[in-house]
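Have a look at the structure below before the remarks.
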Amino acid sequence: MPERKQLVAGNWKMNGLRADGVALARGVAERARGGHRCELLVCPPFTLLAEVGAALAGSFVALGGQDCHAAPKGAFTGCISTEMLKDAGCGHVIVGHSERRQTCAESDADVRAKTQAAWRAGLVAIVCVGETRSEREAGRAIEIVAAQLAGSLPEGAAAETLIVAYEPVWAIGTGLTPTTADITDMHAAIRSRIPTGTRILYGGSVNPKNAAEILALPEVDGALVGGASLNADDFWAIARACG
Ligand code: PEP
């Protein structure tokens, strides 16, 4: 069974021009230079992949994409294939983030196709799942996430090429987080539905203050961090809370 080494991944979303993106990447790389207990990953906008990749070179901080198209190439204006991400130096790609499920109407079938595309190109797919507030309040959180997993994970999932990120939609960017008991219950429910050894990240308003409590939960194999990943000190403080 593969070791479930914790991973702290930063999703920069649509933030960063060249100067500040490179400065942020250098800041993370500089802090991580002395070694760290977890794996580190940053996922900048597509426009910054090359320069952030160069800034991270030799640092043990990995580079990832925030999304991809399922096709390897073709007439898909504005889209990026997993082969292009690989070529740009990425080892991971986030798929099925709730912001894409909601604002781009991505379905589980879309996420499944993108996950297959990630594997085709040799990338690790970080597949995001999570319930809305009304779904949680209706007592349907686990049912919803189970359905997302069933629809989004292709045949052939393996711990080496799949990471699941549990991100309650209502916790993203709101400062709200589930109770540690709710995170543990959900991660256990996810774990029973994915290959043994697959890592499960928690995402949703993780910050330097709450990271230690969340990352100490035995079912939590790391964090997917949005807002706090835009500040090198905050991102590093979260990384230091690992393990
Ligand atoms: C995210 O969007 O993946 C996320 C976790 O955002 P935040 O940390 O800002 O809640």
Side-chain angles (χ1 to χ4, degrees), residues 6-16 20-21 24 28 38-46 48 52 61-68 85 90 92-106 110-111 114-115 118 124-133 135-136 141 144-145 148-149 152 162-180 182-183 186-187 190 199-215 217 219-242:
Q6 287 190 312
L7 166 70
V8 174
N11 173 12
W12 293 4
K13 309 192 186 187
M14 197 173 72
N15 293 293
D20 43 293
L24 175 56
V28 172
C38 60
E39 290 178 18
L40 289 174
L41 169 69
V42 295
C43 301
F46 295 140
L48 298 183
V52 167
V61 182
L63 184 70
Q66 296 178 15
D67 182 45
C68 61
L85 292 175
C90 293
H92 300 70
V93 60
I94 299 168
V95 294
H97 191 284
S98 63
E99 286 157 10
R100 295 204 60 87
R101 288 179 184 265
Q102 290 191 324
T103 63
C104 304
E106 282 189 6
D110 295 328
V111 178
K114 291 182 180 202
T115 304
V124 175
I126 302 178
V127 178
C128 301
V129 291
E131 81 286 355
T132 63
R133 171 169 286 287
E135 289 164 346
R136 175 156 288 276
I144 293 293
V145 167
Q148 288 174 339
L149 288 172
S152 305
L162 172 68
I163 295 170
V164 174
Y166 168 53
E167 299 207 300
V169 178
W170 53 272
I172 293 179
T174 60
L176 303 172
T177 53
T179 64
T180 53
D182 284 344
I183 294 174
M186 181 62 82
H187 280 224
I190 293 171
R199 289 179 286 182
I200 307 171
L201 311 183
Y202 168 76
S205 294
V206 176
N207 61 46
K209 288 204 176 93
N210 62 22
E213 185 181 33
I214 293 170
L215 289 165
L217 298 172
E219 287 292 342
V220 173
D221 303 318
L224 181 52
V225 184
S229 72
L230 297 175
N231 177 294
D233 283 330
D234 288 352
F235 189 61
W236 182 238
I238 293 167
R240 281 169 57 92
C242 281

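Predicted model, so just to flag it, every value in this text is computed and none were measured. One-based numbering, in listed order, for ligands and for the atoms of each. All values below were derived from every heavy atom in this structure, side-chain atoms included, with hydrogens, water molecules and symmetry-related copies excluded.
- Between R136 and D182 there is a salt bridge, since a side-chain N of the basic residue sits under 4.0 Å from a carboxylate O of the acidic one.
- When atom types are taken as modelled, the side chain of E167 and the backbone of I172 share no donor-acceptor pair closer than 3.5 angstrom.
- Inter-residue side-chain proximity for R101 and V169 is flagged as unmet; no heavy-atom pair is nearer than 4.5 Å.
- Put simply, the side chain of W170 does not reach to within 4.5 Å of the side chain of T132, judged on heavy atoms.
- Ordered by chain and residue number, the residues placing a heavy atom less than 4.0 Å from ligand 1 are N11, K13, H97, E99, E167, A171, I172, G173, G203, G204, S205, L224, V225, G226, G227.
- Between the CZ atom of F235 and the CG atom of L24 there is a distance of 8.5 Å, given to the nearest 0.5 Å.
- A salt bridge links K114 with D67: the closest approach of a Lys/Arg side-chain nitrogen to an acidic carboxylate oxygen falls below 4.0 angstrom.
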